[in-house]
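A quick note: this is a predicted structure, and the numbers were derived from the prediction, not measured. Position 1 is the first residue of the sequence; numbering continues from there.
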Amino acid sequence: MSQFSKSLRDIRKKSGKKQREAAEYLGLNIRTYQYYEGGQSEPNISTLVKLADFFMVSLDELVGRDWGGR
């Protein structure tokens with residue numbers, strides 16, 4: 001599982017939203033969204049931005065990027 005897919009799953013669960021809600025917001029088939037969380041596929045940049053907006057997080061947080069306080 002990639003860092004992105006782990007972060008996406010964790011953020012979604014923390015938000016209390018369902019996979020179907022995210023998929024519908026993005027205009028995607030639920031299977032496509034499940035591939036993102038499962039690490040079988042990664043979204044393009046415009047979809048990443050939409051995901052960040054949907055979950056109200058930064059792109060860094062969404063992709064699991066940690067600057068270590070720098």
Inset, instruction - Salt-bridge test for Asp10 and Lys14: reply yes if a basic N is under 4.0 Å from a carboxylate O, no otherwise. - result: no

State, with a plain yes or no, whether a side-chain heavy atom of [X] is found less than 4.5 Å away from one of [Y].
{"X": "Ile30", "Y": "Gln19", "result": "yes"}
{"X": "Ser2", "Y": "Glu42", "result": "yes"}
{"X": "Tyr33", "Y": "Arg12", "result": "yes"}
{"X": "Leu51", "Y": "Tyr25", "result": "no"}
{"X": "Phe54", "Y": "Glu21", "result": "yes"}

Inset, instruction - Establish, from distance only, whether the side-chain atoms of Asp60 and Ser58 form a donor-acceptor pair under 3.5 Å. - result: no

Inset, instruction - Using only heavy-atom distances, determine whether the side chains of Thr32 and Asn29 contain a donor-acceptor pair under 3.5 Å. - result: no

Legend entry - Over 12 non-hydrogen atoms of neighbours within 6.0 angstrom of OH in Tyr35: no

Inset, instruction - Taking atom NZ of Lys17 as the centre, report whether more than 12 heavy atoms of other residues, nucleotides or ligands fall under 6.0 Å from it. - result: yes

Legend entry - Heavy-atom closest pair, residues Lys50 and Leu26: CB-CD2, 3.5 Å

Inset, instruction - Write down the atom of Leu62, the atom of Ser7, and the distance for their closest heavy-atom approach. - result: O-CB, 3.2 Å

Inset, instruction - Could you please spell out the steps behind the side-chain contact (heavy atoms from CB on, under 4.5 Å) verdict for Val63 and Gln3? - result: CA-CA 7 Å; Val63 300; Gln3 182 60 44; over 6 Å; no

Legend entry - Transitive ILVMFWY side-chain link Leu28 to Ile45, under 4.5 Å: yes

Inset, instruction - Quick one: pull up CG in Leu8 and CD in Glu37 and give me the separation to the nearest 0.5 Å. - result: 4.5 Å

